[in-house]
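Just so you know, residue 1 is the first one in the sequence shown, and it goes up from there.
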Amino acid sequence: YDSLVINCKKNKCKNLHCYNMDGRAFCHELQDKGIDFHHVLMNLPATAPEFLDAFQGFTGKTLPRIHVHCFSKKDSAESERETINRCAKALGVSLDIGISKVVVHTVRNVAPNKNMYCVSFNLP
C-alpha cells in the first residue's frame with residue numbers, strides 16, 4: 001500500500017484514491033457510500049472466483065464489468081466451461097454468455113497441464 005501511494009505521487013496521478021482493506025469490505029464500502037465503479041480486476045488466480053460473493057445483492061447504479069483471473073486445466077473447451085461455472089457458483093447466479101457478455105481468454109501457461117485464464121463479464 002505504501003508503495004502504491006508513493007508511486008501515485010511520483011506519477012502525479014489525479015482522481016485516484018488508494019485503499020488498503022479487505023476486498024469484500026471494500027466492495028461493500030463503495031456501495032454504501034454510493035461510489036460508482038465500472039471495472040473490477042481480481043488478479044489473485046488461486047482464490048479470485050471465491051471473492052465474487054461480495055457482489056451478491058449489488059446495489060450500485062451501474063453494473064460493473066468484472067475481470068477474474070483463475071487457474072484451470074489446459075483443455076480450452078472444458079476449461080472455459082469450468083471457469084465460467086466457478087464464477088457463476090460464487091455469484092449465486094447463472095452467467096449467460098450472451099447477456100453478460102462473458103469472455104474467457106488464456107493469460108499464460110503456468111504448468112504442463114495448467115493455464116491461467118481471465119473470465120470477463122458484466123455483472124448480472
Side-chain angles (χ1 to χ4, degrees):
Y1 172 78
D2 294 333
S3 296
L4 174 62
V5 173
I6 291 167
N7 282 315
C8 286
K9 287 178 184 174
K10 283 183 179 180
N11 290 296
K12 300 175 185 167
C13 296
K14 296 179 181 176
N15 298 324
L16 180 66
H17 303 279
C18 300
Y19 296 87
N20 184 20
M21 57 191 301
D22 174 77
R24 282 186 182 93
F26 178 67
C27 179
H28 293 293
E29 182 172 314
L30 291 177
Q31 289 181 65
D32 292 344
K33 290 183 176 181
I35 298 172
D36 208 19
F37 52 95
H38 304 281
H39 288 270
V40 176
L41 177 63
M42 303 173 78
N43 63 348
L44 297 171
T47 60
E50 286 73 37
F51 279 90
L52 288 169
D53 64 350
F55 295 98
Q56 290 178 354
F58 182 78
T59 59
K61 290 182 253 174
T62 305
L63 294 176
R65 183 138 179 96
I66 311 289
H67 309 276
V68 181
H69 288 81
C70 55
F71 296 124
S72 191
K73 300 174 193 167
K74 288 225 176 191
D75 180 309
S76 62
E78 181 183 336
S79 296
E80 184 171 318
R81 283 190 304 275
E82 191 264 335
T83 55
I84 293 170
N85 289 339
R86 281 177 61 198
C87 292
K89 182 179 177 184
L91 281 169
V93 298
S94 62
L95 283 175
D96 183 287
I97 292 173
I99 294 172
S100 296
K101 298 183 180 174
V102 180
V103 176
V104 179
H105 76 271
T106 304
V107 175
R108 66 184 177 97
N109 176 356
V110 295
N113 295 314
K114 187 189 289 189
N115 279 340
M116 181 190 299
Y117 297 94
C118 180
V119 183
S120 298
F121 57 90
N122 294 337
L123 188 64

What are the two closest heavy atoms between [X] and [Y], and how far apart are they?
X	Y	answer
Pro64	Val40	CB-CG2, 4.4 Å
Leu63	Phe58	CD2-CD2, 3.7 Å
Thr83	Cys70	CG2-SG, 3.5 Å

Exercise. Check each of Leu41, Val119, Thr47 against His69 using the side-chain contact (heavy atoms from CB on, under 4.5 Å) test, and report the only one that passes.
Key: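 Passing option: Leu41.
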
Quiz prompt | Mutual orientation of the aromatic rings belonging to His67 and His39 [parallel < 30°, tilted 30-60°, perpendicular > 60°] | solution =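 His67 and His39: parallel rings.
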
From [X] atom [atom1] to [Y] atom [atom2], the distance as rounded to the nearest 0.5 Å:
X	Y	atom1	atom2	result
Glu78	Ser72	CD	OG	7.0 Å
Arg108	Lys114	CZ	NZ	10.5 Å
Cys27	Met21	SG	CE	10.0 Å
Cys87	Phe121	SG	CZ	5.0 Å

Exercise. Go through the steps for Lys74 and Thr106 under the test side-chain contact (heavy atoms from CB on, under 4.5 Å), then give the verdict.
Key: CA-CA 9 Å; Lys74 288 225 176 191; Thr106 304; over 6 Å; no

Exercise. Decide salt bridge (charged side-chain N to carboxylate O under 4.0 Å, His left out) for Glu82 and Lys73; before the verdict, give the C-alpha distance in whole Å, the side-chain angles of both, and the deciding distance to 0.1 Å.
Key: CA-CA 9 Å; Glu82 191 264 335; Lys73 300 174 193 167; over 6 Å; no

Ignoring hydrogens and angles, write down the donor-acceptor pairs under 3.5 Å from the side chains of residues 89-105, residues two or more places apart or on other chains.
residue: Asp96; atom: OD1; partner: Gly98; partner atom: N; Å: 2.9
residue: Asp96; atom: OD1; partner: Ile99; partner atom: N; Å: 2.8

State plainly whether one hydrophobic cluster holds both [X] and [Y], where clusters connect Ile, Leu, Val, Met, Phe, Trp and Tyr through side-chain heavy atoms under 4.5 angstrom apart.
X	Y	result
Phe51	Phe37	yes
Val68	Met116	no
Ile66	Tyr19	yes
Leu4	Phe26	no
Leu16	Val5	no

Self-check item: Expected output: side-chain Asp22 to main-chain Arg24 donor-acceptor under 3.5 Å
Solution: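 Yes; at least one donor-acceptor contact below 3.5 Å.
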
Quiz item: Got a donor-acceptor contact below 3.5 angstrom from the Asn109 side chain to the Ala111 backbone?
Solution: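 Yes, because the side chain of Asn109 sits within donor-acceptor range (under 3.5 Å) of the backbone of Ala111.
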
Practice problem: Report yes if some heavy atom in the side chain of Leu52 is under 4.5 Å from a heavy atom in the side chain of Met42; otherwise report no. | Solution: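 SC-SC contact between Leu52 and Met42 confirmed.
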
Quiz item: Less than 4.5 Å apart, any side-chain heavy atom of Asp36 and any of Thr62?
Solution: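 Sidechains of Thr62 and Asp36: in contact.
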
